[in-house]
Amino acid sequence: MIRNEKTDVASRLKANEGSFRDPTNRVYEIKLDTTNSGKSRIFRGLNEKELAKYTELSNEPFFQKLVNTGRVVKTEVVDATDEDAKSILLDGWYGVLEHEAIPFVTYPYEWTFSMLKDAALLQLHLIEKSLENGWTLKDASPYNVQWVGSQPVFIDVPSFEPWIEGMPWVGYRQFCSMFLTPLMLRAHLGIDHIPLLRSYIDGIPPVEASKYFTGLNRLKKGVLSHIIFPAKVENSITKRERDNAPVQQRKVRKFSKSMVIGLVQSLDRLIRKLTIKIEHTDWSQYDKTHSYQEPDFEAKMAFVLKHSSSSQSGHIWDIGCNTGTFSKISSEFCNQLISIDGDHNAVEKLYLSEKKNKNNNILPLVMNLSNLSPNQGWAGSERQAFDRRNKPNLILCLALIHHIRISSNIPNRMFLKWLHSLNSNVILEFVNREDEMVIKLLTNKKEQYEDYNLNEFIYEVGQFFEIKDRESLKGGKREIFFLTPK
Amino acid sequence: MNNRDKEQHRIPLIFKLYLILILFTPSMAYAYVDPGTGSVIVTSVLGFIAAIGYTFRKYFYKLKRKIFGNKTEDD
């Protein structure tokens, strides 16, 4: 069985802390170097039965097609002579698979509505293709979907298993609570799915979801079938079984393939019809309403271009990205660009435009910088905090700091200290007091943030970073810096 | 004398603890209700309805192709 993770390759080998629920396999990561965005190898230790199953699956044409089209992560059986694989075999596994590493791990509570929708459609597509070929998937969790640029990729290969005639679709409840319900809450009621998914780590159960749908809302697409009906069934079972200590044996029901495929296809049709309207928010019209005149905008773009192209950037973060105007400029010069903003609709706009390019490398995420994704799950380590994952080589922090200081009340020094902890170069745009955006923020505020000014900022920056380049913009109202960590 | 008094006082305390345990037992039983049972019932009902639609669609398109032929074949 699994011993302690320390082996001869102990310093580089790490068992993935989110991969422990399935006793038949476990994911490991081996870092090839410790620099920011340093490469890793991702392995999966398998028991004998799992390896045999994988060997059979990998010979199936439908599975090969899914891998070749990038729907399922590239996977290979690793030879026992591979040095890194040996350490995993020593941990008690029978065989080892290697997966292509996902550049940056994300979780469903960081995705936009359409990202969750596309991940759900991918899950259903995999189930349908599998069923057509005598296989199925035993899970239905968005944690099994990751992103390469703006394309969803399924990573949990052991989820595939042979279809046994008469088997029910065991993943249905999980699919509903983790994919369908949050999408329906958003599409039908306008409820933000992100705080719900962050808190309900196993998804929103039907009994809970049914409390949101009252009155005529119950008649909206899919609600009666997939929320109200399951909630009523669960309530009646709970009432019956609560006081009878021995749980009654489930009656065995036979399921035909057409029942499962029929249900999967009906869910696919339902999800395709779920949409949201992107209302104009402060940021979703950024490309039309930013406060720059054309020449200054060109100057800002040129500065960003100059320093993005010269940095050896495997991995760039654009924090406070709005609709991704500057992400798109910088994405040419790196392997992966993560665009983050707290405004859902702005990020949704970016995702919808980026997903059309199959080979793009921008991954848009919704996240409030003053409330980063925390450590979650069992022992607070199943799902990693945002700043504990792969670190970037370059961070774009454009026209953000005035919001951090004035709207979120976070002192500049604390923000810079956090930025510095990421050990990355930074392109930072400081928005001065004279700028109309700051004036707008300070209007009607009792606190006037007297310490928020350019000189004070330069002093604070100097505690953590070297200023390698700087330029004035908008006639001195803004100052853009290129910083390297001290 | 003292020891016997103490023993007589001990028993009622255990009795009180037992009462408290009983009060909390109903909510503990929720943790033992298997969500899978409900799921099987729901998927068999929804699946049954969906299977009708699926089978109908399958034969409808087969029939359509037989009557009108595949577009590519006609060209």
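Only a predicted model underlies this, so the values are computations on that prediction, with no experimental measurement involved.
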Heavy atoms of other groups near [X] [atom1], more than 12 under 6.0 Å:
X	atom1	result
A/K221	NZ	no
B/F48	CZ	no
A/F62	CZ	yes
A/R71	CZ	no
A/L216	CG	no
A/K232	NZ	no

Item to check | Contact winner vs chain B - A/S236, A/S266, A/P230, heavy-atom pairs under 4.5 Å | outcome: A/P230
Next on the checklist: Please evaluate residues B/I41 and A/I237 with respect to the criterion side chain to side chain contact (heavy atoms under 4.5 Å, CB included), reporting the C-alpha separation (whole Å), side-chain torsions for both, the decisive distance (0.1 Å), and the verdict.
Outcome noted: CA-CA 10 Å; B/I41 295 171; A/I237 291 174; 3.9 Å; yes
Closest heavy-atom pair and its distance - [X], [Y]:
X	Y	result
A/Y172	B/S39	CD2-OG, 4.2 Å
A/G262	B/A50	C-CB, 3.3 Å
B/V40	A/F255	O-CZ, 3.7 Å

Checklist entry - How many angstroms lie between atom NZ of A/K254 and atom OG of B/S44, to the nearest 0.5 angstrom? => result 14.0 Å
Item to check | Separation of B/T43 OG1 from A/R173 CZ (nearest 0.5 Å) | outcome: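 Rounded to the nearest 0.5 Å, the CZ-OG1 separation comes out at 12.0 Å.
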Checklist entry - Taking the side chain as C-beta and beyond, is there a heavy-atom pair between B/L46 and A/H226 under 4.5 Å? => result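 Side chain of B/L46 against side chain of A/H226, heavy atoms only: contact under 4.5 Å found.
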Next on the checklist: I need the residue from B/G53, B/G47, B/G38 with the largest number of non-hydrogen atom pairs under 4.5 Å to chain A.
Outcome noted: B/G47
